Amino acid sequence: MSTRTAQLRYHGTGGSLFGLFIVNGLLTMITLGIYSFWAKTRLREFHYSHTELDGDRFAYHGTGGELLVGSLKAFGIIMVLVIGLVAVSALLAPGSGGEGMQLVVSIGFYVVIMLLAILAVNGARRYRLSRSSWRGIRFSFHGQYGEFLGLMVRGTLLSVVTLGFWFPLFQNQRRRFLVENARFGSEPFLYDGDGKALVPEFLKAVLLTIPTLGLYWCWYAAFKHRYFWEHTAMRGARFRSTVQGGPLLALTLTNLLLVIFTLGLGAAWAITRAQAFWCDSISMYGTVDWASIQQRAQDVSATAEGLADGFDIDVGIG
């Protein structure tokens, strides 16, 4: 039984990550890009193995082979859609009176691509968590595709109709879905934020965008981070974030300068600085009977991960 505060820590260094970048880059070039799937896996293993909670490191169990197979399946899905679009467009070629239908089909194609991208986020999160563990216990994600799709479409439309004012509530609803469908072994995560406190902070950021040249959004991002984590719990424990706008702005600007003035070579140090900043701000306090949590491994395909990669969508687990 643990009653003390458990702190999240990140121990990765820029030098170690830079070395990994060099090896991954060389092997990816030598194999004409095929090694990129294993490179991505090694990068995740690096970050997980250097992240610690309550004295124990996280572990990543995905493989490059899984990502390769998942990407091939995702590529097949996209190619079927493209070939279908080309075939239909040929049948409705200009001059045949089908210009209007051709436009409808093209719009439909991009709508399907957008919906696939949304589903890829849900599926990639399912894969990523199923391959993550701490103290030997796997995480898992059980969010239903249809429910997530409805949430994203509804939230996007309401944000557009309300000229963006619904957006902070939409962000909160998305956070609730992602948290409440996550598990650590047999133990579910809980979320009790209604998002109302985000609205005035969001409006303040909108009003201060021009006077502060957009810099005030760092304060909104920090507030949102604190709000999301402070309303996240697991059994008898709650999480807490100490991120503040000023330090976040300083980190963002110094990392930007670091990358620019090193012509990109400092990216590894910028990444590890950011990882340490976010991790070191999070802690968990309360009472958790870790021994009572049982293993609940989840068998998940990497196809959605491949789709997310194809659409250039980054899916985190925080």
Side-chain angles (χ1 to χ4, degrees), residues 5-22 24 43-44 46-55 57-58 128 164 167-172 174-175 178-179 191 193 195-232 238-285 312-318:
T5 298
Q7 181 67 48
L8 192 67
R9 296 293 186 195
Y10 183 76
H11 301 281
T13 64
S16 299
L17 183 58
F18 182 75
L20 180 60
F21 279 170
I22 295 297
N24 280 348
L43 183 60
R44 290 175 183 172
F46 176 90
H47 289 309
Y48 275 65
S49 65
H50 286 91
T51 304
E52 171 191 300
L53 177 65
D54 199 25
R57 305 286 179 101
F58 289 82
R128 194 79 59 84
F167 188 64
L169 296 176
F170 173 35
Q171 288 181 309
N172 186 74
R174 183 176 183 273
R175 175 71 176 189
L178 296 178
V179 170
Y191 187 77
K196 293 179 180 178
L198 293 172
V199 177
E201 294 297 323
F202 179 81
L203 295 178
K204 186 188 299 183
V206 171
L207 293 173
L208 293 175
T209 296
I210 295 178
T212 65
L213 301 178
L215 298 181
Y216 190 79
W217 283 101
C218 284
W219 275 262
Y220 174 71
F223 179 85
K224 184 179 67 173
H225 193 267
R226 294 196 305 272
Y227 183 87
F228 281 171
W229 280 106
E230 288 165 5
H231 287 279
T232 302
R238 297 193 72 87
F239 292 86
R240 179 166 45 201
S241 168
T242 58
V243 170
Q244 297 295 326
L248 176 57
L249 175 61
L251 173 74
T252 303
L253 294 178
T254 53
N255 271 355
L256 179 61
L257 293 174
L258 176 61
V259 173
I260 291 175
F261 285 104
T262 61
L263 301 179
L265 295 178
W269 284 266
I271 291 172
T272 53
R273 290 182 72 226
Q275 289 284 107
F277 176 85
W278 290 110
C279 287
D280 292 354
S281 73
I282 299 172
S283 59
M284 183 175 67
Y285 61 98
D312 195 26
I313 302 172
D314 184 27
V315 181
I317 65 170

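Keep in mind that this is a model prediction, so the values were computed, not measured.
- Remark: side-chain polar atoms of Thr209 are paired, donor with acceptor, to backbone N or O of Ala205 under 3.5 angstrom.
- Contact check for Trp219 versus Leu249: side-chain heavy atoms found under the 4.5 Å cut-off.
- Using a 4.5 Å heavy-atom threshold, the side chains of Leu20 and Leu43 count as touching.
- Using a 30° and 60° split on the angle between ring planes, Phe228 and Tyr191 fall in the perpendicular class, above 60°.
- Two residues are said to be in side-chain contact when any heavy atoms from C-beta on lie closer than 4.5 Å; Leu198 and Phe223 meet this criterion.
- Here the CZ-NZ distance, from Arg175 to Lys224, works out to 9.5 Å after rounding to the nearest 0.5 Å.
- Using cut-offs of 30° and 60° on the angle between ring planes, the pair Tyr220 and Phe202 is perpendicular.
- Between the CE atom of Met284 and the CZ atom of Arg238 there is a distance of 12.5 Å, given to the nearest 0.5 Å.
- Ring orientation note: the planes of Tyr10 and His50 are tilted relative to one another, at an angle of 30° to 60°.
- Side-chain N or O atoms of Tyr227 include one that pairs as donor or acceptor with a backbone N or O of Gly195 at under 3.5 Å.
- Taking every heavy atom of both residues into account, Ile271 and Phe21 meet most closely at CD1-CZ, 3.8 Å.
- Ring orientation note: the planes of Trp229 and His225 are tilted relative to one another, at an angle of 30° to 60°.
- Interatomic distance, Tyr285 OH to Gln7 CD, rounded to the nearest 0.5 Å: 13.0 Å.
- To the nearest 0.5 Å, atoms CG (Leu53) and OG (Ser283) are separated by 9.5 Å.
- Residue Leu215 holds its CG atom at 6.5 Å from CG of Leu253, rounded to the nearest 0.5 Å.
- Counted within 6.0 Å of CD1 on Ile210, heavy atoms from surrounding residues, nucleotides or ligands total 12 or fewer; the atom is thus considered open.
- Under a 3.5 Å cut-off, the side chain of Arg57 and the backbone N or O of Ser49 do form a donor-acceptor pair.
- For the atom pair CG of Leu8 and CZ of Phe58, the computed distance is 5.5 Å after rounding to the nearest 0.5 Å.
- Contact record, Gly14 with Ala268: O-CB, 3.5 Å, taken as the closest heavy-atom pair.
- Between Arg226 and Ser281, the side chains place no donor N or O within less than 3.5 Å of an acceptor N or O (distance only, hydrogens not considered).
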### Message
Apply side chain to side chain contact (heavy atoms under 4.5 Å, CB included) to residues Val206 and Trp217 and explain how you reach the verdict.
### Response
CA-CA 8 Å; Val206 171; Trp217 283 101; 4.0 Å; yes
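- Between the Asn255 side chain and the Ala270 main chain, a donor and an acceptor come within less than 3.5 Å of each other.
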### Task
Check the pair Leu207 / Tyr216 against side chain to side chain contact (heavy atoms under 4.5 Å, CB included), numbers first and verdict last.
CA-CA 10 Å; Leu207 293 173; Tyr216 190 79; over 6 Å; no
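- Thr254 is listed as a side-chain neighbour of Arg273, based on a closest heavy-atom distance under 4.5 Å.
- For the pair Val179 and His231, the minimum side-chain heavy-atom distance is 4.5 Å or more.
- Nearest heavy-atom pair, Asn172 versus Gly193, reported as atom, atom and distance to 0.1 Å: ND2-O, 3.0 Å.
- Between Arg240 and Glu230 there is no salt bridge, since no side-chain N of the basic residue sits under 4.0 Å from a carboxylate O of the acidic one.
- The shortest non-hydrogen separation linking Phe277 to Pro247 is CE1-CB, 3.9 Å.
- Of all non-hydrogen atoms in Ala221 and Leu248, the two that sit nearest each other are CB-CD2, 3.9 Å.
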